[in-house]
Q: 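Right, I'll just put the structure down here and ask away after.
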Amino acid sequence: MNAYMRGWKERERDYCHDVLLRGGRVVGETLGGAAAFVSNVLDAASPAGASLAVVSKVGHDFAYATAAAPARHPPVLCASPTTSFHARFSDDAASAHAPDRQLRRVHACDPIYPADLPDRRFAYGLAVGVAGEVLPETLERMIRLCRAVLVDAQALIRAFDGEAKGGGAVRHVALEATPYARLLPRVAFLKASSEEAPYVGVETARRRCCVIVTEGRDGCRLYWDGGEARVAPFPAVQVDPTGAGDSFLAGFASGLLWGLSATDAALLGNFFGAAAVSQVGVPTFDPKMLQAVKQILEKAVKRPCTHINGNTFTFQRSSIHDELHKSLQEAAMLVCEQKQANSPATDNGDVCSINELTSLPS
């Protein structure tokens, strides 16, 4: 890696087995996990020349070794079983909204240890976990290895009830009560869903790093010491909200790597969060759409940067923000129109209206 570290270091949650249930019956079994969703977006949206390293773990029971993401970024095999989640959706829900989903961890793979991280320097690190994979000491080593680190709050505040029959129910704990709180001043960006935000304590956290709160169909908000900004959403045809938060964070990180300000990069996060919910499991992006997005980003104008935690970032929207949103919105509408033409809405509510985007913390 060269001196200014134009590349990626990504430490994520493991690849997972995701089982979707509605009304007591299995309606889908897919590859899940942040390693799948995040690397999918980074591989697709990062500028040419950016490198990506993924550290993840699975058991010998892993069923998706030949899928695109694991094939590109092979996981470490462990003796423990692959992390598995059961997501139960309400039978009478109009759509798979976050409040209607009951999430249980059925199996948990080994955590990522500090020694598992590559012994080299990177520009950015992403710590994204949902099953207790991100140990405090691992996050601390990532901070030392990377110029700037982006963290998903669910990696820090999730806890699990007893692993009874049916798996351990997911709950949240206050960030200040965890061993991760002391590391927050060394983190550049912390992303949380609106459901997780009360446990993060936005007003306290924003004095230590930039906090991004995703708000589903309402877009997202950025909070930093001395300012805040709202970033508009994009249209989406929702089929499966799983992975929307992971895809948002990866899109946001890609925007930073392209040289966008944080507020402008959040547009790219919203865009890929919307794109992720249009398919069950890890989405396949249309090549023409990706080409259009990269052409849009190539026209983006870099702005002078300010400092946060010793790193240089600009937070405010740039002069191209509205134009960037308009261009990305046209690309998003094209995806929605294609999706609606190929997958008309059904009576069970699995496909939602074009303007509905609900992000989930996974």
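All residue numbers refer to positions in the sequence shown, counting from 1.
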Q: When you compare the side chain of Leu175 with that of Leu184, does any pair of heavy atoms fall below 4.5 Å?
A: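 They are in side-chain contact.
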Q: Can you tell me how far CG of Leu145 sits from CZ of Arg121, rounded to the nearest 0.5 angstrom?
A: 7.0 Å
Q: Suppose we screen for side chain to side chain contact (heavy atoms under 4.5 Å, CB included). Which residues come up paired with Ile296, at least two apart in sequence or across chains?
A: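 In terms of side chain to side chain contact (heavy atoms under 4.5 Å, CB included), with neighbours along the sequence ignored, Ile296 is linked to Leu324, Ser327, Leu328.
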Q: If only atom types and distance count, is the side chain of Tyr64 paired as donor or acceptor with the main-chain N or O of Ala69 below 3.5 Å?
A: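 Answer holds: no.
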Q: Do Phe252 and Phe272 make the cut of ring centroids closer than 6.0 angstrom?
A: no
Q: Please determine if Arg147 forms a cation-pi arrangement with Tyr124, meaning its NZ or CZ atom is less than 6.0 Å from the six-membered ring centre and no more than 45° off the ring axis.
A: yes
Q: Would you call the rings of Phe62 and His17 parallel, tilted or perpendicular, taking 30° and 60° as the class edges?
A: parallel
Q: Taking atom CG of Leu260 and atom OG1 of Thr314, what is their separation to the nearest 0.5 Å?
A: 10.5 Å
Q: Determine whether Lys191 and Leu150 make a side-chain contact, defined as any pair of heavy atoms from C-beta on separated by less than 4.5 Å.
A: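 They are not in contact (no side-chain heavy atoms under 4.5 Å apart), so the answer is no.
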Q: Indicate yes or no for a side-chain donor-acceptor contact from Asp61 to the backbone of Pro81 under 3.5 Å, with no hydrogens or angles considered.
A: no
Q: Does the distance from a Lys or Arg side-chain N to an Asp or Glu carboxylate O, for Arg158 and Asp152, drop under 4.0 Å?
A: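 Not counted as a salt bridge, because no side-chain N and carboxylate O are separated by less than 4.0 Å.
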Q: Report the distance from atom CG of Leu135 to atom CE of Met142, rounding to the nearest 0.5 Å.
A: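 Output value for this atom pair is 12.0 Å.
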Q: Identify whether the distance between the nearest side-chain nitrogen and carboxylate oxygen of Asp264 and Arg317 falls below 4.0 Å.
A: no
Q: Please tell me whether Val282 and Phe248 are part of a single hydrophobic cluster in this structure, the criterion being side-chain heavy atoms less than 4.5 Å apart.
A: yes
Q: Are the side chain of His107 and the backbone N or O of Gly59 linked by a donor-acceptor pair below 3.5 Å?
A: no
Q: Has the side chain of Ser247 got a donor or acceptor atom that lies under 3.5 Å from a matching backbone atom of Ala244?
A: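 Checking the backbone N and O of Ala244 against the side chain of Ser247, no donor-acceptor pair under 3.5 Å is found.
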Q: Closest heavy-atom contact between Leu257 and Ala50?
A: CD2-CB, 3.4 Å
Q: For the residue pair Leu31 and Ala67, what are the closest heavy atoms and their distance?
A: CD2-CB, 3.9 Å
Q: Main chain of Leu42, side chain of Ser46: is a donor-acceptor contact present, judged purely on distance under 3.5 Å?
A: yes
Q: Below 4.5 Å, heavy atoms only, C-beta onward: do Ile143 and Val187 meet side chain to side chain?
A: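 Side chain of Ile143 against side chain of Val187, heavy atoms only: contact under 4.5 Å found.
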Q: Measure from the side-chain N and O atoms of Trp258 to the backbone N and O of Ala45, and report whether any donor-acceptor pair falls under 3.5 Å.
A: yes
Q: Roughly how far, to the nearest 0.5 Å, is the CZ atom of Arg221 from the OG atom of Ser194?
A: 11.0 Å
Q: Passes side chain to side chain contact (heavy atoms under 4.5 Å, CB included), His321 versus Lys326? Steps please.
A: CA-CA 9 Å; His321 185 90; Lys326 180 180 178 181; over 6 Å; no
Q: Check the surroundings of atom CD in Gln295: do more than 12 heavy atoms from other residues, nucleotides or ligands lie under 6.0 Å from it?
A: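 Yes, enclosed.
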Q: Which atom names give the shortest non-hydrogen contact between Ala332 and Phe271, and what distance separates them?
A: N-CE1, 3.6 Å
Q: Sub-3.5 Å donor-acceptor pair from the side chain of Arg141 to the main-chain atoms of Glu137, do we have one?
A: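 Between the backbone of Glu137 and the side chain of Arg141 there is no qualifying donor-acceptor contact (under 3.5 Å).
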Q: Working note: Val134 + Ile112, criterion side chain to side chain contact (heavy atoms under 4.5 Å, CB included); need CA distance, chi angles, decisive distance, verdict.
A: CA-CA 6 Å; Val134 183; Ile112 307 295; over 6 Å; no
Q: Test of understanding: clusters of I, L, V, M, F, W, Y form through side-chain heavy atoms closer than 4.5 Å, transitively. Do Leu297 and Met289 belong to the same one?
A: yes
Q: Under a 4.0 Å N-O cut-off, is there an ion pair linking Glu215 with Arg230?
A: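 Not counted as a salt bridge, because no side-chain N and carboxylate O are separated by less than 4.0 Å.
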Q: Are any of the side-chain heavy atoms of Leu139 and Tyr180 separated by less than 4.5 Å?
A: yes
Q: How far apart are the closest heavy atoms of Phe160 and Gly132, and which atoms are they?
A: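 The answer is CE1-N, 4.1 Å.
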Q: Look at the side-chain heavy atoms of Ile, Leu, Val, Met, Phe, Trp and Tyr, link any pair under 4.5 Å apart, and say whether Leu52 and Val128 land in one connected group.
A: yes
Q: List the residues meeting side chain to side chain contact (heavy atoms under 4.5 Å, CB included) with Ala108, not counting sequence neighbours, and say none if there are none.
A: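 If we apply the side chain to side chain contact (heavy atoms under 4.5 Å, CB included) test to Ala108, skipping adjacent residues, the hits are Arg105.
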Q: Side-chain contact test, heavy atoms from C-beta onward, threshold under 4.5 Å: evaluate it for Phe85 versus Thr242 and give yes or no.
A: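 Heavy-atom side-chain distance check fails, nothing below 4.5 Å.
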Q: Just so I know, are the side chains of Val38 and Val54 near enough to count as touching, which here means a heavy-atom distance under 4.5 Å?
A: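 They are not in side-chain contact.
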Q: To the nearest 0.5 Å, what is the distance between CZ on Arg182 and CD on Glu140?
A: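 That separation rounds to 4.5 Å.
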Q: Applying a strict under-4.5 Å side-chain criterion to I, L, V, M, F, W and Y, I'd like to know whether Val211 and Leu249 cluster together.
A: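 No.
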Q: Would His86 and Leu21 count as a side chain to side chain contact (heavy atoms under 4.5 Å, CB included) here? Give the steps.
A: CA-CA 7 Å; His86 285 184; Leu21 302 102; 3.8 Å; yes
Q: Just wondering, do Asn40 and Phe285 contact through their side chains at under 4.5 Å, heavy atoms?
A: yes
Q: Do His73 and Asp43 have side-chain N/O donor and acceptor atoms under 3.5 Å apart?
A: yes
Q: I'd like to know if the side chain of Arg217 reaches the main chain of Pro235, judged simply by a donor and an acceptor atom lying under 3.5 Å from each other, with no hydrogens or angles considered.
A: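 The answer is no, because no donor-acceptor pair under 3.5 Å joins these two groups.
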Q: Okay, side chain of Thr214, backbone of Gly216: is any donor-acceptor separation there less than 3.5 Å?
A: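 Side chain of Thr214 to backbone of Gly216: no pair is present.
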Q: With heavy-atom distances below 4.5 Å as the criterion, would you say the side chains of Val76 and Asp116 are in contact?
A: no
Q: Parallel, tilted or perpendicular: which one describes the rings of Trp224 and Phe315, with boundaries at 30° and 60°?
A: parallel
Q: Of the non-hydrogen atoms in Arg120 and Ala53, which two are nearest, and what is the gap between them?
A: NH2-CB, 4.0 Å
Q: Kindly determine whether Leu222 and Cys220 satisfy side chain to side chain contact (heavy atoms under 4.5 Å, CB included), including the steps that lead there.
A: CA-CA 7 Å; Leu222 283 73; Cys220 68; 4.1 Å; yes
Q: When you check the gap from the basic side-chain N to the acidic O, do Arg208 and Glu176 get nearer than 4.0 Å?
A: yes
Q: Do the side chain of Asn270 and the main chain of Ala232 share a donor and acceptor less than 3.5 angstrom apart?
A: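 Side chain of Asn270 to backbone of Ala232: a pair is present.
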Q: How long is the span from the SG atom in Cys109 to the CD atom in Glu133, to the nearest 0.5 Å?
A: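 Nearest 0.5 Å value for the SG-CD distance: 8.5 Å.
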Q: Treating Ile, Leu, Val, Met, Phe, Trp and Tyr as nodes and any side-chain heavy-atom pair under 4.5 angstrom as an edge, say whether Val277 and Val213 lie in one connected cluster.
A: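 Result: no, two separate clusters.
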Q: Ala192 and Val200: which non-hydrogen atoms are nearest, and at how many Å?
A: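 That closest heavy-atom pairing would be CB-CG2, 3.9 Å.
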